[in-house]
Number of protein chains: 2
Amino acid sequence: MTVTLADVAKRVGVSASTVSRALSSPDKVNPQTRQEIMAAVEAMGYVPNQVAKSLNSGRRDALGIVVPDIANPFFPPIIKAVQARAARLGHSVLISDSDEQTRDELGLVRELVKRSDGVIVVSPRSDPGALADLAAREVIVFINREIEGAVNVLIDDGVGVGQAVEHLHALGHRRVCYLAGPARSWSNKVRRAAAREAAERVGVELVEYGPFNPQMQAGVRAADLVVASGATGVIAYDDLIASGLMLRLAQRGVSVPGDISVIGVDNSALSGMSYPTLTSVSVPCYDAGVTAVNIMNEHLSGKRVEPQTIQLETELVVRGSTGDCPR
Amino acid sequence: MTVTLADVAKRVGVSASTVSRALSSPDKVNPQTRQEIMAAVEAMGYVPNQVAKSLNSGRRDALGIVVPDIANPFFPPIIKAVQARAARLGHSVLISDSDEQTRDELGLVRELVKRSDGVIVVSPRSDPGALADLAAREVIVFINREIEGAVNVLIDDGVGVGQAVEHLHALGHRRVCYLAGPARSWSNKVRRAAAREAAERVGVELVEYGPFNPQMQAGVRAADLVVASGATGVIAYDDLIASGLMLRLAQRGVSVPGDISVIGVDNSALSGMSYPTLTSVSVPCYDAGVTAVNIMNEHLSGKRVEPQTIQLETELVVRGSTGDCPR
DNA sequence: TTGTAGGCGTTATCAG
DNA sequence: CTGATAACGCCTACAA
């Protein structure tokens with residue numbers, strides 16, 4: 001059914017290797033024959049079989065990326081960065097969604113490893129030991145989590161979250177909520193620790209609630225806790241939770257930022273879309289994606305890549321959801 | 001470097017074929033040898049080479065899906081549905097993002113075709129002729145666009161939007177706004193046309209504003225136009241716009257549904273969370289994904305699949321944001 | 001410049 | 001039950 005190199009060769013009256021050459025290194029073949037071959041290729045609709053090519057080259061010319069939830073606006077920017085950079089290096093990108101814990105994340109990574117030259121795993125949820133084992137065998141780069149002995153691109157949320165606390169303090173807020181993310185989340189650990197440290201440092205009382213899943217619904221639920229707490233400022237684990245929070249506050253007639261100031265983390269598309277626009281900690285997703293691909297590319301170019309951890313810094317972006325403390 | 005079937009065979013002292021059998025049909029091999037083989041496989045860390053397997057089976061056990069923009073919240077539900085259904089059928093899913101027009105959508109589809117058994121293309125932007133050609137050669141299912149001679153799964157927003165107009169009419173509204181989505185959007189065309197047709201039919205004056213981007217902020221902006229227009233009912237292009245609209249109306253002291261009734265489209269998570277809860281047109285994303293996979297699976301099971309267009313109907317879900325016309 | 005031969009890792013077929 | 005052998009489609013020496 002499918003047209004092969006041999007079919008084209010037969011049609012033109014040359015050998016398969018000549019056709020192969022005509023396609024991969026056209027200058028190594030007689031212009032005359034090349035013409036004929038090209039014509040036949042066109043006419044017969046020949047398409048090289050990627051699988052066969054991979055089998056003896058060992059290269060797949062694709063790289064994979066696994067994220068916990070494509071519906072979470074944090075990930076698409078990373079994916080897009082990866083795609084852009086990978087395209088420039090001649091790789092396709094295969095995306096896979098582990099659907100948070102529901103699916104077998106490790107299984108997905110293995111699956112992708114078979115089909116690509118290397119895999120980028122973003123915010124992995126799995127057991128660190130298992131991830132380390134896998135990383136030792138395969139070409140893997142982690143984003144947003146530090147796995148021992150592997151290559152990690154880390155987004156240091158701490159800096160931005162610290163700035164968020166300082167920002168609220170400067171506006172006069174003295175009682176601030178931190179809405180925690182998933183208990184097992186590495187990002188949450190970093191963010192919470194930074195919030196605590198900064199609160200301590202500048203002299204702000206920090207009230208913590210959670211854990212919450214990174215979903216709007218969780219923010220809705222959190223809103224009532226926040227109001228009851230008497231806090232005038234909130235730092236949410238991420239923009240989704242912050243958005244849900246703001247939605248519910250609006251419902252209850254609580255003004256943002258009039259009564260309560262709200263800060264998210266991720267600086268995702270949501271932050272510009274919500275109302276009021278959301279002050280948020282900007283996370284360098286784009287850089288993270290590009291950096292990961294660059295490292296992977298070195299690896300694939302045959303260079304030895306040492307285990308390493310690259311830190312990318314975050315920064316607070318002030319928008320409409322934060323203002324003076326009302327009292 | 002990598003462990004092959006032959007390596008395992010040599011270690012155990014059997015032939016490669018026996019190892020292969022031990023792995024794929026264990027009951028066709030002596031329990032004793034099987035044990036030894038399994039042990040060796042474990043010890044040597046043998047992993048079957050997917051590429052080699054594909055080469056002579058012709059199957060890739062994966063299916064692809066191409067979307068114009070993973071960051072657009074419309075697509076993730078479809079992707080997740082596809083993944084869930086595909087997993088149940090033993091297929092992995094490879095996702096690809098065409099980044100709207102920026103990248104070569106057709107190229108991506110071709111790329112994915114090589115690596116999978118079939119590809120689902122959602123809301124394709126490319127030239128219909130080229131898509132039709134491709135679909136004639138490869139196993140492809142389109143979602144949300146009709147390509148001649150191909151298999152299409154269509155989400156007919158028109159029905160739901162028509163119901164929305166009828167619903168408002170039944171409540172006594174005679175002057176209704178349609179807040180249009182992006183100018184180039186196919187969905188917007190369908191929705192607007194349906195609104196016009198239904199308005200004409202039942203006798204409602206339709207006022208159109210837009211285009212608006214599917215963002216809350218756009219809804220906020222639209223609110224003032226709506227109030228000025230004197231309309232008592234609004235149908236927004238999607239839930240995001242509808243939510244922003246309601247937020248701003250609340251701010252201006254306009255009661256929903258007391259003064260103005262509001263209807264969204266998508267029936268997204270937002271619609272249950274906003275206040276009041278949002279009457280919305282339910283779009284069967286999940287069904288669309290599942291249906292597409294099912295058809296593809298028939299195709300891959302060897303059944304002949306005729307070109308066809310499957311219409312999935314939308315339906316109005318009435319909640320708290322619509323009520324009697326105030327005058 | 002072109003053709004031949006061998007191999008990439010696996011599976012299916014056919015003997016033994 | 002097990003072992004050769006021949007594909008699968010392509011690429012890359014090596015030879016002509």
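Chain identifiers are assigned alphabetically (A, B, ...) following the order of the sequence lines, protein sequences preceding nucleic acid strands; residue numbering begins at 1 within each chain.
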Under-3.5 Å donor-acceptor pair between B/Ser20 side chain and C/dA12 base: no
Within residues 23-45 of chain A: residues closer than 4.0 Å to DNA chain C (heavy atoms): A/Lys28, A/Val29, A/Asn30, A/Thr33
Could you list all N or O pairs between the protein and nucleotides 7-9 of chain D that sit under 3.5 Å apart?
unit_1, atom_1, unit_2, atom_2, d
D/dC8, O2, B/Asn56, N, 3.4
D/dG9, N2, A/Ala52, O, 3.4

A/Gln308, CD atom: more than 12 neighbouring heavy atoms under 6.0 Å: yes
Pairing residues for B/Asp287 by the side-chain contact (heavy atoms from CB on, under 4.5 Å) criterion, not counting sequence neighbours: B/Pro284, B/Leu312
N or O in side chain of B/Thr18 less than 4.0 angstrom from D/dG3 OP1/OP2: yes
N-O pairing of B/Arg34 and B/Asp27 below 4.0 Å: no
Identified side chain to side chain contact (heavy atoms under 4.5 Å, CB included) counterpart of B/Val151 within the set B/Val139, B/Ile140, B/Ile143, B/Val141: B/Val141
Qualifying residues under side-chain contact (heavy atoms from CB on, under 4.5 Å), relative to A/Val12, sequence neighbours excluded: A/Val8, A/Val14, A/Glu36, A/Ile37, A/Ala40
Distance, rounded to the nearest Å, where B/Asp61 contributes CG and C/dT10 contributes P: 15 Å
Residue pair A/Ser187, A/Asn144: steps toward the side chain to side chain donor-acceptor pair (under 3.5 Å) verdict: CA-CA 7 Å; A/Ser187 292; A/Asn144 212 22; 3.2 Å; yes
Whole-Å distance separating the CZ atom of A/Arg59 from the P atom of C/dC8: 19 Å
Interatomic distance, A/Asp7 CG vs D/dC10 C1' [rounded to whole Å]: 13 Å
More than 12 heavy atoms of other groups within 6.0 Å of A/Gln311 CD: yes
By side-chain contact (heavy atoms from CB on, under 4.5 Å) - contacts of B/Glu146 (at least two apart): B/Asn152, B/Leu154, B/Thr309
Below 4.0 Å: OP1/OP2 of D/dT2 and any side-chain N or O of B/Ser17: no
Test item: A/Pro124 and A/Trp186 side chains (from C-beta on) under 4.5 Å apart, heavy atoms: no
Worked verdict on B/Leu112 versus A/Leu94 for side-chain contact (heavy atoms from CB on, under 4.5 Å): CA-CA 9 Å; B/Leu112 221 41; A/Leu94 308 174; 3.9 Å; yes
Gap between atom CG of A/Leu23 and atom CG of A/Leu5 - 0.5 Å precision: 7.0 Å
Inter-axis angle, terminal five-pair segments of the helix from C/dT1-D/dA16 to C/dG16-D/dC1 [nearest 10°]: 50°
